[in-house]
Amino acid sequence: MSETVTTASPPAPPPRERGLTRRTWTLVVSFLVVAALGLLGGFARVPYVALGPGPTYDVLGKVKDTDVVAVDGQNTFPTNGTLRMTTVSLTDDVSLFGALGLWLSGRYALAPREEFFKPGESEEEVQKNNELAFSESQTSAEVAALHYLGYPGKVIANQVTKGSPADNVIPLGARIISVNGKQVQSSADVSSALENTKPGDTVEVAFESDGTSKSTQLTLGTREDGRPAGFIGISPVDRADVPFKIKISLSDVGGPSAGLIFALAIVDKLTPGELNGGKAIAGTGEIAGDGTVKAIGGIAFKMVAAKEAGASAFLVPSANCQDAKQQAPDDLKLIKVENLKDAVSSLEALNAGRDTPSC
């Protein structure tokens, strides 16, 4: 008799714990890398600044219900149209992705941060220097405008060098009347009066302080710049000598490049008629007390800002003409200016329909 023997199946081995597959690890690592790059690109600061079109201001109008250019104590004449000063915006805190986005927009350019911030210089120091330059541009604009209109000027001691021949002799803010026998009518006259002198020479300086006229003999010192002429130790600057006051009220703006436009606004308000013919005019340019218009930076961005603000013509310092011509927006008329007199005559010509100097 046969016997069937059955055997039970051997027990199944316990399930093994399986780790992440190579594909999964690749996905995880890739995700972490992308996330890290995203954080780096979004928050990491790059050593560049972004430059672009900044706000414009009509200097014939008001800002926050206050005249941008006001004349107190003198009759003024009505103005019309707009006369816009232009600015460049500077963005300092730029991330990697932010810089890329600004550059791709086509409205901004990137520049090394060191071109605008000196090593060790804080943002507060840069802002202070820009505000000082803006304040000096207002003073130069006033002097240039009033000189153009025939008003008298004066020269004052803006700084007195410590330890110099003038120290403790000529007070800060004193009006300089004559130097070495030469009448002083502009700050340049002080230097020219000392051209043929040398250290150790004695010269007479006449000045006025607190309403009192004085004269003193000074033994000239040695200049630090190596020039052979003798050294007095004052920094002379030109100032207007008029019985009325001009006040320019504009905050949160820095740099010297609004000088030309401020000077034109002063001329417009102190003379009959409309200097711009009621048109929308914009421009830029640093101005010296003698009316000379100097080159500025960021001309391309300023022209874009002017065009977007509705300007039909733009005043360009002659030294900026080459760049301006290559980058000007369509239908924006460029007017080349060498000095304040050029700017005034060009606006009068534009108003009369005559040709104007062009870049």
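All values below were derived from every heavy atom in this structure, side-chain atoms included, with hydrogens, water molecules and symmetry-related copies excluded. What you see is a predicted model; the values in this text were computed from it and never measured.
Among residues at least two apart or in separate chains, there is no disulfide bond (SG atoms under 2.5 Å apart) pair with a member in residues 188-289.
Between Asp65 and Lys62 no salt bridge is recorded (no basic side-chain N to carboxylate O distance below 4.0 Å). Of the charged side-chain nitrogens involved, none lies within less than 4.0 Å of a carboxylate oxygen, so that Asp342 and Lys336 do not count as a salt-bridged pair.
Heavy-atom neighbours of Asp355 CG from other residues, nucleotides or ligands within 6.0 Å: at or below the threshold of 12.
With no hydrogens or angles considered, a side-chain donor-acceptor pair links Glu131 and Gln127 at under 3.5 Å. Side chain to side chain, Lys269 and Thr76 fail the donor-acceptor criterion of an N or O pair below 3.5 Å. Under 3.5 Å, the side chains of Asp238 and Ser187 contain a donor-acceptor pair of N or O atoms. For the 3.5 Å distance criterion, the side chains of Ser215 and Glu204 qualify, holding a donor opposite an acceptor. Counting only N and O atoms by type, the side chains of Lys302 and Thr56 include no donor and acceptor under 3.5 Å apart. Counting only N and O atoms by type, the side chains of Thr292 and Asp290 include a donor and acceptor under 3.5 Å apart.
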### Task
Starting from the C-alpha separation in whole Å, work towards a yes-or-no answer on ring-ring contact (aromatic ring centres under 6.0 Å, His included) for Tyr57 and Phe262.
CA-CA 11 Å; Tyr57 302 91; Phe262 285 145; 9.5 Å; no
### Task
Go through the steps to decide whether Leu340 and Leu260 satisfy the test side-chain contact (heavy atoms from CB on, under 4.5 Å), and finish with yes or no.
CA-CA 7 Å; Leu340 179 59; Leu260 170 63; 4.2 Å; yes
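A heavy-atom distance below 4.5 Å is not found between the side chains of Phe231 and Leu220. Ile281 is not listed as a side-chain neighbour of Thr82, based on a closest heavy-atom distance of 4.5 Å or more. Put simply, the side chain of Leu60 reaches to within 4.5 Å of the side chain of Asn276, judged on heavy atoms. Contact annotation: the side chain of Tyr151 never approaches that of Asp241 to less than 4.5 Å [non-hydrogen atoms, C-beta and beyond]. Put simply, the side chain of Ser192 reaches to within 4.5 Å of the side chain of Lys182, judged on heavy atoms. Contact annotation: the side chain of Thr271 approaches that of Leu149 to within less than 4.5 Å [non-hydrogen atoms, C-beta and beyond]. Residues Asp189 and Val179 are not in side-chain contact: their nearest non-hydrogen atoms beyond the backbone lie 4.5 Å or more apart. Ile177 is not listed as a side-chain neighbour of Val184, based on a closest heavy-atom distance of 4.5 Å or more.
No side-chain donor-acceptor contact under 3.5 Å links Thr356 to the backbone of Ser346.
Considering CD1 of Ile234 and CD1 of Ile156, their distance stands at 10.5 Å, rounded to 0.5 Å. Atom CG of Asn168 sits about 11.5 Å away from atom CD1 of Ile170, to the nearest 0.5 Å. Interatomic distance, CD1 of Ile248 versus OG1 of Thr66, reported as 14.0 Å (0.5 Å rounding). Here CG of Asp323 is found 10.0 Å from SG of Cys359. Values are rounded to the nearest 0.5 Å. Atom CZ of Arg239 and atom OG1 of Thr139 lie 4.5 Å apart (nearest 0.5 Å).
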Let me have the donor-acceptor pairs involving side chains of residues 303-321, under 3.5 Å, with sequence neighbours excluded, atom names and distances please.
from	atom 1	to	atom 2	distance (Å)
Lys307	NZ	Asp330	O	3.3
Glu308	OE2	Arg107	NH1	2.5
Ser312	OG	Ala280	O	3.2
Ser318	OG	Glu338	OE1	3.2
Ser318	OG	Glu338	OE2	3.4
Asn320	OD1	Ile296	N	2.9
Asn320	ND2	Ile296	O	2.9

